[in-house]
Amino acid sequence: MTTRLACHICQNKKLHKFLSLGPIPLANSFLQQDQLSVSEPYYPLDVCYCSNCGLVQLAQVIAPEILFKNYAYLTGTSEPMKAHFAGLAEDIIKKFSPPSGALVIDIGSNDGTLLQNFQRYNMRVLGIEPATNVAKLASLRGTETLNDFFNESLAHKICSEKGQPRIILATNVLAHVADLESLLRGVNRLLASDGVFVIEVPYLVDMLSKVEFDTIYHEHLRYFAVRPLVTLFSKFDMGIADVEHISVHGGSLRVYVQKFIHSLPSSVTELLDLETEAKIDSLETYQKFAEDISRIKEELLSLLKALKNQGAKIAGYGAPAKGNILLNYCQIGMDILDYVTDTTPFKQGRYTPGMHIPVFPESHFHEFPPDYALLLAWNYADEILREEERYRQAGGRFIVPIPRPQIV
Ligand code: TMP
């Protein structure tokens, strides 16, 4: 682990630390039974604000090889994410009409779920995925995938072997990469001059307004708003051609970046106005966010303990990385939750980091329905509540932890 002394974008050395959620284990480090007796590594989780460029960022950086060489998350196990990425591919094709056979590259391509949509449109695709287990799965499914970290030198290699892509994608990647500058130099080197770099990142304004504090974990080094993104891309002679505020992952930005763009389109200025209104350039906003987080912990624990005292059975629904932050920060263990359930095969049969709660497949939830299900995968609330209509009809209740814990 290294501690950053300067801003990830503008190198400003005066960063304001406003929140500390650690020490806490890595959010995706699910354990096997024989690992339960071995002590797990805990790391600080401190969050800072740069008053120069506005970037919210972690103070600590864990080595990418530790975080990403073997990865628990598979995009294809979430039906809502499959639908989301099918929609993204369709939108890009409508917007840019790339010719069939054009090259599409996905940085952090996971199991190939996004690229498979472009394969259906007869495009040439290449995934870049550092997690060996996940890259292998994508290749087996017929999506050409390089098992590597994307950086400037890999960009040179790809360029000479495959040519320049019309489309480069990086969804939920810009927050993750340790060397952001090398990634962007690589994108600039690789992208065709009329190409587009499409990114999706969770939106800071949503994180603050909905108190999505559990999305803060070691993998997420940065929490983006439009203003720091404008600064970031201009450093690499690129600019935002268009930006959309979308609902995925509790509220995200989809940003279309192109070379040689120097003016701000109205979609950008509108979001910059929204950011001013949300006062994301004021340290007080971050101090209030930290207070809101303490309040959630207090309210959630008192709700869960009161239900438990009444004899209720409670389980966790979903075992997302963010769920592990919530459980560890609030110290919710097996004295409260009997188990958690998750659709990802890799997580099933393992135990959650830190709190050591067993993870079962969804079938377990239906076989042993709890009285209350703590919705850890709150970003899929609509889909999950619809899916679990029968459980709710039978009297089961969901507890949604943020922005204020409530029973629905
Ligand atoms: P994500 O928020 O990072 O996409 O992770 C969501 C997790 O929740 C992932 O491990 C899959 C799991 N999940 C379920 O267990 N049931 C569901 O219905 C959905 C949509 C997700």
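Just so you know, ligand 1 is whichever comes first in the structure, and atom 1 is the first atom listed for that ligand. Side chains are part of it too, since the values below use all heavy atoms of this structure and drop only hydrogens, waters and symmetry mates.
Residue nearest to atom 21 (C) of ligand 1, selected from Ala321, Gly323, Pro361, Ser78: Ser78 (by heavy-atom distance). Of the candidates His249, His84, Lys322, Lys347, the one placing a heavy atom closest to atom 2 (O) of ligand 1 is Lys322.
Listed by atom number, the atoms of ligand 1 under 4.0 Å from Ala377 heavy atoms are 8 (O). Near Pro80, with a cut-off below 4.0 Å to any heavy atom, the atoms of ligand 1 are 20 (C). Interface of Ile384 with ligand 1, defined as ligand atoms under 4.0 Å from a residue heavy atom, comprises 17 (C), 18 (O).
The shortest side-chain heavy-atom distance between Leu19 and Gln287 does not fall under the 4.5 Å cut-off. The shortest side-chain heavy-atom distance between Leu58 and Val47 falls under the 4.5 Å cut-off. With a 4.5 Å cut-off on side-chain heavy atoms, Leu169 and Ile92 count as touching.
A salt bridge is defined here as a Lys NZ or Arg NE, NH1 or NH2 lying under 4.0 Å from an Asp or Glu carboxylate O, and Asp91 with Arg254 meets this definition.
Side chain to side chain, Tyr203 and Glu275 meet the donor-acceptor criterion of an N or O pair below 3.5 Å. Using modelled atom types and a 3.5 Å distance limit, the side chains of Glu219 and Asn28 yield a donor-acceptor pair.
Glu79 does not count as a contact of ligand 1, since none of its heavy atoms falls under 4.0 Å from the ligand. No heavy atom of Thr77 sits closer than 4.0 Å to any atom of ligand 1.
Only the side chain of Thr344 comes within 4.0 Å of ligand 1, counting heavy atoms alone; its backbone N, CA, C and O stay farther away. With a 4.0 Å heavy-atom cut-off, ligand 1 is reached by the backbone of Thr343 and by its side chain too.
The protein heavy atom nearest to atom 6 (C) of ligand 1 is Tyr380 CE1, 3.5 Å. What sits closest to atom 3 (O) of ligand 1 on the protein, heavy atoms only, is Tyr73 CE1, 3.5 Å. Shortest contact from atom 8 (O) of ligand 1 to any protein heavy atom: Asp342 OD2, 3.5 Å.
Contacts of Pro41 classified as side chain to side chain contact (heavy atoms under 4.5 Å, CB included), with partners at least two apart in sequence or in another chain: Tyr43.
Checked options Leu115, Leu114, Thr113; the residue passing with Asp111 is Thr113 (criterion: side chain to side chain contact (heavy atoms under 4.5 Å, CB included)).
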